[in-house]
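A short worksheet on the structure shown next.
Order of the sequence lines fixes the chain letters, A, B, ..., with proteins taken first and strands second; residue numbering starts at 1 for each chain.
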Amino acid sequence: MRVRSVLPEDLFGKLVEIGKRRGFFWPSYEIYGGVAGFYDWGPLGFLLKKRIIEKWRRFFVHYHQEYVVEIETPVLGPEKVYVASGHVEHFTDPIVRCTRCGRTYRADHLVEEAIGESVEGLSPEELGRIIREKGITCPVCGGPLGEVSTFNLLFKTQIGPYEGSIGYLRPELAQGMFVAFKRVYESLRGKIPFGIAQVGRVGRNEISPRQALVRLREFTIMEMEYFIDPEDREGSCPFFHRMAGEKLPILTHEAKTRGVEKPDWIRLDEAVEEGIIVHPCLGYWMAVGMKFTESIGVPRDKTYFDEKGPDERAHYSTQTFDQLVEVTRWGWVEVAGHSYRGDYDLGRHMKYSGEDLTAFKPYREPITVKRRKILINKAVIGRELKRDAKRVLEALSRMSDSDLEELASREEPVVEGIKLPRGALQVVEVEEKVSGRRFIPHVVEPSFGTDRNVYVAMEYAYREVNGRVVMAFPRDIAPVQAVVLPLVENDERLKAKARSVYEYLVDHGFTAYYDDSGSIGRRYARADEIGVPAAVTIDYQTLEDDTTTLRDRDSWRQVRVRIKDLPEKLEKFIYRGARLEDLGVPVQS
RNA sequence: GCGGCGGUCGUCUAGCCUGGACUAGGACGCCGGCCUGCCAAGCCGGAGGUCCCGGGUUCAAAUCCCGGCCGCCGCACCA
């Protein structure tokens, strides 16, 4: 029956058209002219996105529920959080525009290039002064440059009516999990490793977003922070064996520097063993990510992991792989980032909040260790220094053990410009009982751009069959799961029966349509276009024996089943990948 | 942000250069009727348009000019 299935050149254009016409997605605020970087999900797109999120949860949370929990944290955060995370510093770029041709440049990059030295940390004013003094002009047209301004990709607002209380819209979910780390860790009764997952909205004030759903100013992320003991590589990933033999397509940064452009397929366990992936956990979640994108319809050879070089990585990362998927319009786009974040984030939040965000692992038996300890003899200091003693003691209490030790080893230790009296610092060796080890957990982060993944699922579902569009979604992410159709339009008995079957399916939790408008072929076509996997047709035999036909969107074949069995059979068909032929008696056409 | 191209019923588009008979045409879709025992059949009827927004030129603007918004492509940007 099926003649040919073709893929058009401009899939994006076709999807935009279907998106608007059938209700998958469209630009937000259209009646006011639209705003770049914002898209609405329509009724069908919303359902599709919801099912993709549910699937992500199944892959990342449900199947690892002993170790991974999901939480929800606010979209807005106080300034401190994003100072600690480094976003206030790293998310702000000094920008300068050419007053003649209008091109925009990173002011710091321009100055560094011109004067050949680092200008890190200089203010916009200072950069502007250097540009004027050195007579730096537009590198393209030679025109004069304007004032240096800053551009921050963080959306900024105020929390409450107080002017000083700056709030930021989160640019990633991660900080919410790091800030909540201690609570979750305690609620899990001190277990490690464990993961915190979250699905939620984030905002980034992109300079000029394009590429529709692929680059948005506000979007949904599905993310997990997986906390591990850096000294326990193997124990950190108790499910590693599930994926150990999986092959992953990886393009290393090292290979790229050699001019290699195609990824290598490497077994996960070998990639970890050979150090291509720095940590088994990172590799494990990459493999799960691979399974996930496959499960939403992306073929294995249309995705790969691209290792970022040292200069391309974010400030917190020691190794990052972008998971890329090929789309028709823009080539390879990033659908997920897999990063080894080390202890950067928890370390920063410890420093900025003063909270102890370490984990504790007891030893099997407490051990006694000999340790050098610096004793501060307050009596001597007080007696000898009198009025200055308070200032000195405060300074000493702020110093780390190693700084104290260094100080104590000096001939004439000086603090706050004051010479310490003899005997003020004493190095002693003490025996201590240690029952375990404290450490800052390291973090492995798989982070998925939901909207991009939904778009990708749409691209890979798109088929043209005999001039009709079929969205061949994997059945379990199809927005509408079944359509119920009376065979002909004008028979009241068929229509009544069809409505009752429709309601029966709704009662059993299915998302279904009822459609009696137009010829049966037209209605099949209508359902195919939005990817409904199963069509239930009520014909004259139904009125006699309460059986109905079940049609498969992808083969157009039909089997006859009892109405009473429909929920069970649909469940198998949609969620368990059952073949249509195994569900009933074939109908000859 | 810059440059190029574009924006017309739900969707895709014709018209724009060469202003007026455009009351803005078509196709698909949608709705109603007839017909129809399984894959976008046919016939009849119908609804549906701020011609992206604002200003200007003109007796007259979808059409010409200016500004803005939005989209696509290239450049820049994308921790």
| message | Checking salt bridge (charged side-chain N to carboxylate O under 4.0 Å, His left out) between Glu581(A) and each of Arg557(A), Lys569(A), Arg560(A), which is the one that passes? | response |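 Among Arg557(A), Lys569(A), Arg560(A), the one that satisfies the salt bridge (charged side-chain N to carboxylate O under 4.0 Å, His left out) with Glu581(A) is Arg557(A).
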What does [X] touch in the nucleic acid at a heavy-atom separation under 4.0 angstrom: a base, only the sugar-phosphate, or nothing?
{"X": "Leu487(A)", "value": "base"}
{"X": "Arg551(A)", "value": "base"}
{"X": "Val469(A)", "value": "base"}

Sort out the partner of [N] for me: Watson-Crick or G-U wobble, both distances under 3.5 Å, none otherwise.
{"N": "A47(B)", "result": "none"}
{"N": "G19(B)", "result": "none"}
{"N": "U57(B)", "result": "none"}
{"N": "C38(B)", "result": "none"}
{"N": "C72(B)", "result": "G4(B)"}
{"N": "G29(B)", "result": "none"}

| said: For the residue pair Thr537(A) / Asp539(A), report whether a side-chain donor-acceptor contact shorter than 3.5 Å exists. | reply: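 Thr537(A) and Asp539(A) do not have a side-chain donor-acceptor pair below 3.5 Å.
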| field | Side-chain donor-acceptor contact under 3.5 Å, Asp491(A) with Tyr540(A) | value |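 Side-chain D/A pair, Asp491(A) to Tyr540(A): present.
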Can you tell me how far [atom2] of [N] sits from [atom1] of [X], to the nearest Å?
{"X": "His87(A)", "N": "C78(B)", "atom1": "NE2", "atom2": "P", "result": "14 Å"}
{"X": "Arg215(A)", "N": "C77(B)", "atom1": "CZ", "atom2": "P", "result": "11 Å"}
{"X": "Leu15(A)", "N": "C72(B)", "atom1": "CG", "atom2": "P", "result": "14 Å"}
{"X": "Arg217(A)", "N": "G71(B)", "atom1": "CZ", "atom2": "P", "result": "8 Å"}
{"X": "Glu489(A)", "N": "A40(B)", "atom1": "CD", "atom2": "C1'", "result": "13 Å"}
{"X": "Asp516(A)", "N": "C38(B)", "atom1": "CG", "atom2": "C1'", "result": "16 Å"}
{"X": "Asp491(A)", "N": "C35(B)", "atom1": "CG", "atom2": "C1'", "result": "14 Å"}
{"X": "Arg560(A)", "N": "G37(B)", "atom1": "CZ", "atom2": "C1'", "result": "11 Å"}

Check the phosphate of [N] against [X], side-chain N and O only, distance under 4.0 Å to OP1 or OP2. Yes or no?
{"X": "Ser519(A)", "N": "U36(B)", "value": "no"}
{"X": "Trp330(A)", "N": "C72(B)", "value": "no"}
{"X": "Thr549(A)", "N": "C38(B)", "value": "no"}

If you go through the side-chain atoms of [X], does one of them form a donor-acceptor pair with the base of [N] closer than 3.5 Å?
{"X": "Arg468(A)", "N": "C39(B)", "value": "yes"}
{"X": "Asp539(A)", "N": "C38(B)", "value": "yes"}
{"X": "Arg21(A)", "N": "C28(B)", "value": "no"}
{"X": "Tyr524(A)", "N": "C38(B)", "value": "yes"}
{"X": "Gln211(A)", "N": "C72(B)", "value": "no"}

Heavy atoms from C-beta onward define the side chain here; which of [options] lies closest to that of [X]?
{"X": "Ala525(A)", "options": "G37(B), A40(B), C38(B)", "answer": "A40(B)"}
{"X": "Arg210(A)", "options": "U11(B), G71(B), G1(B)", "answer": "G1(B)"}
{"X": "Trp556(A)", "options": "C72(B), C70(B), C39(B)", "answer": "C39(B)"}
{"X": "Lys20(A)", "options": "C70(B), U11(B), C31(B)", "answer": "U11(B)"}
{"X": "Asn490(A)", "options": "U36(B), C70(B), C38(B)", "answer": "U36(B)"}
{"X": "Arg522(A)", "options": "G29(B), G37(B), U11(B)", "answer": "G29(B)"}

Taking only the [atom1] atom of each, what is the distance from [N] to [M] in whole angstrom?
{"N": "G4(B)", "M": "G25(B)", "atom1": "C1'", "answer": "30 Å"}
{"N": "U57(B)", "M": "C66(B)", "atom1": "P", "answer": "15 Å"}
{"N": "C51(B)", "M": "C9(B)", "atom1": "C1'", "answer": "10 Å"}
{"N": "U63(B)", "M": "C16(B)", "atom1": "C1'", "answer": "4 Å"}
{"N": "G68(B)", "M": "G1(B)", "atom1": "P", "answer": "8 Å"}
{"N": "G67(B)", "M": "A76(B)", "atom1": "P", "answer": "26 Å"}
{"N": "A14(B)", "M": "A60(B)", "atom1": "C1'", "answer": "23 Å"}
{"N": "G26(B)", "M": "C64(B)", "atom1": "C1'", "answer": "26 Å"}

| request: Decide if the gap between the ring center of Tyr340(A) and the ring center of His442(A) is smaller than 6.0 angstrom. | output: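 Yes, the ring centres sit under 6.0 Å apart.
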| Are Tyr168(A) and Phe155(A) close enough that their ring centres sit under 6.0 Å apart? |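 Tyr168(A) vs Phe155(A): aromatic centres not under 6.0 Å.
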| Which residues satisfy the side-chain contact (heavy atoms from CB on, under 4.5 Å) test with Arg22(A), sequence neighbours excluded? |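 Listed in chain order: Ile18(A), Phe24(A), Leu44(A), Arg526(A), Glu529(A), Ile530(A).
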| Is it true that the NZ or CZ of Arg201(A) lies under 6.0 Å from the centre of Phe219(A)'s six-membered ring and within 45 degrees of the ring axis? |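 So Arg201(A) doesn't make the cation-pi contact.
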| field | Row check, Phe573(A) ring normal vs Arg475(A) NZ/CZ: under 6.0 Å, within 45° | value |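 So Arg475(A) does make the cation-pi contact.
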| Taking the nucleotide of RNA chain B with the closest heavy atom to each, which residue, Tyr32(A) or Gly521(A), is nearer the 5' end? |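 On the 5' side of the pair lies Gly521(A).
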| task | Hey, which sits more toward the 5' end of RNA chain B by its nearest nucleotide, Pro171(A) or Val35(A)? | result |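 Nearest-nucleotide comparison on RNA chain B picks Val35(A).
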| said: Surrounding NZ of Lys351(A) (heavy atoms of other residues, nucleotides or ligands, distance under 6.0 Å), is the total greater than 12? | reply: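 Result for NZ/Lys351(A): open.
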